[in-house]
Amino acid sequence: MSLTKRNAEIIREFTRTFKNEHNVDGIGHLFAADFVHHFKGPVRPGLDGFEDMGRMMNTAFPDVVVTEEDLIVTDNKVVERSSAVATHRAGLMGEPPTNKQVRWTEIHIYRLKDGKIAEHWVEFSLLELLRQIGAVK
């Protein structure tokens, strides 16, 4: 199997397990021991912080479904553009649950090394999400 096909499989397994099956604890085997995320704000480093973010989103949006819109793959990076739909069922950023269905988009960049996710960046439509839950007017 080519390296690009293998990298695509790794990211699709991650998306299925972490985002759509909501199995935050089922992804460790996909990540390098020295994994680095690039979240802003007070987030623990490494895989622990990444899992914390997943738990927070899964709590607020327990039925989230993420759909891959584009996947661009090279020998060491994967770019995933995706869309998400979910119901706001628990508080998020100080806003109480609205029980509204919300939608947002995401762009993820993953750097892979030796068949593992070594680094991650994300840009997602936070303003769009916050407007839908009433946190921003």
My understanding is that only residues two or more places apart in sequence, or in another chain, count here; which of them pass salt bridge (Lys or Arg N to Asp or Glu O under 4.0 Å) with R89?
none
Is there a side-chain hydrogen bond (donor to acceptor under 3.5 Å, both in side chains) between T17 and N23 once you walk through the steps?
CA-CA 6 Å; T17 305; N23 183 359; 5.9 Å; no
Mind checking whether F14 and F50 have ring centres under 6.0 Å apart?
yes
Are T15 and N20 side-chain neighbours, meaning at least one heavy-atom pair lies under 4.5 Å?
yes
Nearest-0.5 Å distance, CZ of residue F18 to CD1 of residue I11
12.0 Å
Are more than 12 heavy atoms from other residues, nucleotides or ligands located less than 6.0 Å from atom CD of E123?
no
Would you name the heavy atoms of G115 and I10 that are closest together and state the gap between them?
O-CD1, 3.2 Å
Which atom of P97 lies closest to which atom of A90, heavy atoms considered
CB-N, 3.5 Å
CG on L47 to CD on E51, rounded to 0.5 Å
4.0 Å
Quick one: does any side-chain atom of H108 pair with a main-chain N or O of V78 as donor and acceptor, under 3.5 Å?
no
Atom pair CG/CG of L112 and D75 - distance to nearest 0.5 Å
10.5 Å
Under a 4.5 Å cut-off applied to non-hydrogen side-chain atoms, are N58 and V24 in contact?
yes
Residues R6, E9: salt bridge by 4.0 Å N-O rule
yes
Backbone of H29 reached by a side-chain donor or acceptor of K116 within 3.5 Å:
yes
Would you mind reporting whether I133 and L92 have side-chain heavy atoms less than 4.5 Å apart?
yes
Contacts satisfying ring-ring contact (aromatic ring centres under 6.0 Å, His included) that involve residues 65-89 (not counting sequence neighbours) are F61-H88
Looking at side-chain heavy atoms only, is the closest gap between E68 and V66 below 4.5 Å?
no
Residues E69, S83; criterion side-chain hydrogen bond (donor to acceptor under 3.5 Å, both in side chains); working and verdict:
CA-CA 7 Å; E69 304 293 346; S83 59; 2.6 Å; yes
Has the side chain of D52 got a donor or acceptor atom that lies under 3.5 Å from a matching backbone atom of V43?
no
Given 3.5 Å as the limit, does a donor-acceptor pair link the side chain of S125 with the main chain of E128, or not?
no
Please tell me whether W104 and E106 have a donor and an acceptor in their side chains that are separated by less than 3.5 angstrom.
yes
Does the H37 side chain pair with the main chain of V122, one donor and one acceptor, at a distance under 3.5 Å?
no
Without swapping roles, check the side chain of T4 against the backbone of V73 for a donor-acceptor pair under 3.5 Å.
no
Does some side-chain heavy atom of N7 sit less than 4.5 Å from a side-chain heavy atom of K77?
no
Tell me, do M53 and F39 make a side-chain contact under 4.5 Å, heavy atoms counted?
yes
Counting only N and O atoms by type, is there a donor-acceptor contact under 3.5 Å from the side chain of E80 to the main-chain atoms of I107?
no
Salt bridge or not for D25 and R55, using N-O below 4.0 Å?
yes
When you measure from the side chain of H120 to the backbone of I117, do you find a donor-acceptor pair of N or O atoms at a distance under 3.5 Å?
no
In the structure I gave you, are the side-chain heavy atoms of M93 and L126 within less than 4.5 Å of one another anywhere?
yes
